[in-house]
Amino acid sequence: MPRGAMKGPVMNTDTRPADRNTVKNMIYLIAVLAAAVLSAILRTAAIFVGYDADIGYFARGKALPVISNLVCVLAVAAAIAFPFFADRSGKGIHPSAHRRTAPEYFATAYAAFVMLGAFGYEIYRCIADRTVAQLFERAAEQAASNAYTARGLRVQGILIIIGIVASAISAIYFFLRIDDTNSREWHVLLGFAPGLRGIAGLAEIYFDMTVEMNSPNKLILQAALISAMFYFVYELRMILGGKKARPRAYVASGLAAVVLTLTASVSVIAGYFSGRISNAYFFTEAFFCFNMFVYISVRTVAYARNAYAASAPAVSAPDSGEEAADADEMPDNGDAGENEDKGE
């Protein structure tokens, strides 16, 4: 048969480079997750070994708190770098493009039910403990003598109300996220709620005048809440799709949030139940961070595994230069990923 007589594409079955990239990316992803776990363990150990509950700081001269902070910073740096250094085997995969797994359904349902429970608990505290009413009453008492303190108390009361409303809307959002095939308009409309809940918690911690501004527990919780807020910004962009999507930023923000929310939540919750941390605001926000960790970790890892650590499918090799040029001009699912490199 004369050369070039065969028509149609020829299947390229050489998957060895793709397999090597898959193994490399999977090792990198596992290393980032292992670093997150190590950061949480070291931070928790530092709370038990080097934390002075009387002053709310780590004791001077202790090496473990320094090591835990260093590991946390390096883990966050590795998490952010992962999508920019890893080779993509499935670039541009939309979060809804792959088949949902049982862990994803569980994590989303877990987040929904926990946020619903948090909403009920916060309502109960407002009624039974009169948390909001007491803040406004104290603000009225302090108005004449100390306007600054009165303003802070009023702000705390308002933030608690915002947090309650945001928790309810967040529960609805997570229930919608269980089924990604339903109306995405509602996802985008309600998707601001988890970020708003994070803002409310961040502000509550900031305006808590009973704790120093540079308290290590306050700082790690603030970093965790900010990272979760960034994640939900990029999740909404991925839902919108097209040029709005930022796959690399989505993975980077998600993995960074995994490191920070796990480190903050586990250490603060362990410290709270051991009696070393007594601040109720810290415990509430640590519990919220753990809830977000479960949701973000499962969602982000599932996406990253499909986009970066899944074996690339065999592709058809065009049998002529003209067909190859046509193939290069064809739009593909990677447009969203490439757009983030070029900018909007």
Pair listing, salt bridge (Lys or Arg N to Asp or Glu O under 4.0 Å) test, anchored in residues 270-285, at least two apart
R197-E285
Looking at [X] and [Y], what are the two nearest heavy atoms and their distance?
X: L260; Y: C72; result: CD2-SG, 3.8 Å
X: A257; Y: S227; result: CA-OG, 3.4 Å
X: I296; Y: G254; result: CG2-O, 3.5 Å
X: I164; Y: I123; result: CG2-CD1, 3.7 Å
X: L221; Y: C289; result: CD2-SG, 4.4 Å
X: S170; Y: M115; result: CB-CE, 3.9 Å

Please evaluate residues F82 and L29 with respect to the criterion side-chain contact (heavy atoms from CB on, under 4.5 Å), reporting the C-alpha separation (whole Å), side-chain torsions for both, the decisive distance (0.1 Å), and the verdict.
CA-CA 7 Å; F82 170 78; L29 181 60; 4.1 Å; yes
S274 vs F48, side-chain contact (heavy atoms from CB on, under 4.5 Å): CA-CA, chis, key distance, verdict:
CA-CA 9 Å; S274 67; F48 284 93; 3.5 Å; yes
Hydrophobic cluster membership, with links at side-chain heavy-atom distances under 4.5 Å among I/L/V/M/F/W/Y: are [X] and [Y] in one?
X: F273; Y: L262; answer: yes
X: V165; Y: F232; answer: yes
X: V298; Y: M26; answer: no
X: V258; Y: V71; answer: no
X: L74; Y: L33; answer: no

Distance from [X] atom [atom1] to [Y] atom [atom2], nearest 0.5 Å?
X: I169; Y: F119; atom1: CD1; atom2: CZ; answer: 10.0 Å
X: M229; Y: L196; atom1: CE; atom2: CG; answer: 9.0 Å
X: T101; Y: N306; atom1: OG1; atom2: CG; answer: 8.5 Å
X: R248; Y: S253; atom1: CZ; atom2: OG; answer: 14.0 Å
X: I226; Y: T261; atom1: CD1; atom2: OG1; answer: 13.5 Å
X: L225; Y: M292; atom1: CG; atom2: CE; answer: 10.0 Å

T300 side chain to S297 backbone, donor-acceptor under 3.5 Å:
no
Has the side chain of N291 got a donor or acceptor atom that lies under 3.5 Å from a matching backbone atom of F287?
no
Given side chains that start at C-beta, do those of [X] and [Y] come closer than 4.5 Å, heavy atoms only?
X: Y303; Y: V251; value: yes
X: L240; Y: V188; value: yes
X: L236; Y: I239; value: yes

If you measure only the distance, is there a donor-acceptor pair under 3.5 Å linking the side chains of [X] and [Y]?
X: R299; Y: T108; result: yes
X: E104; Y: Y295; result: no
X: S39; Y: T263; result: yes
X: N69; Y: R43; result: yes

Could you list the donor-acceptor pairs under 3.5 angstrom formed by side chains in residues 212-219, with sequence neighbours left out?
from : atom 1 : to   : atom 2 : distance (Å)
N214 : OD1    : Y57  : OH     : 2.4
N217 : ND2    : Y51  : OH     : 3.0
K218 : NZ     : I205 : O      : 3.2
K218 : NZ     : D208 : O      : 3.4
K218 : NZ     : V211 : O      : 3.3

More than 12 non-hydrogen atoms from neighbouring residues, nucleotides or ligands closer than 6.0 Å to [atom1] on [X], yes or no?
X: F230; atom1: CZ; value: no
X: F192; atom1: CZ; value: yes
X: F113; atom1: CZ; value: no

Would Y28 and F85 satisfy ring-ring contact (aromatic ring centres under 6.0 Å, His included), going step by step from the backbone distance to the final call?
CA-CA 10 Å; Y28 192 165; F85 286 95; 7.6 Å; no
Step-by-step side-chain contact (heavy atoms from CB on, under 4.5 Å) determination, R177 to E235
CA-CA 11 Å; R177 293 294 289 158; E235 180 173 81; 3.9 Å; yes
Show the numbers, then the answer: is there a ring-ring contact (aromatic ring centres under 6.0 Å, His included) between Y250 and Y234?
CA-CA 5 Å; Y250 172 75; Y234 287 108; 8.2 Å; no
Evaluation steps, side-chain contact (heavy atoms from CB on, under 4.5 Å), between F58 and I47:
CA-CA 8 Å; F58 290 111; I47 291 291; 4.0 Å; yes
In terms of the angle between their ring planes, are H187 and Y173 parallel, tilted or perpendicular, with boundaries placed at 30° and 60°?
perpendicular
side-chain hydrogen bond (donor to acceptor under 3.5 Å, both in side chains) involving Q156 - partner list, sequence neighbours excluded
Y281
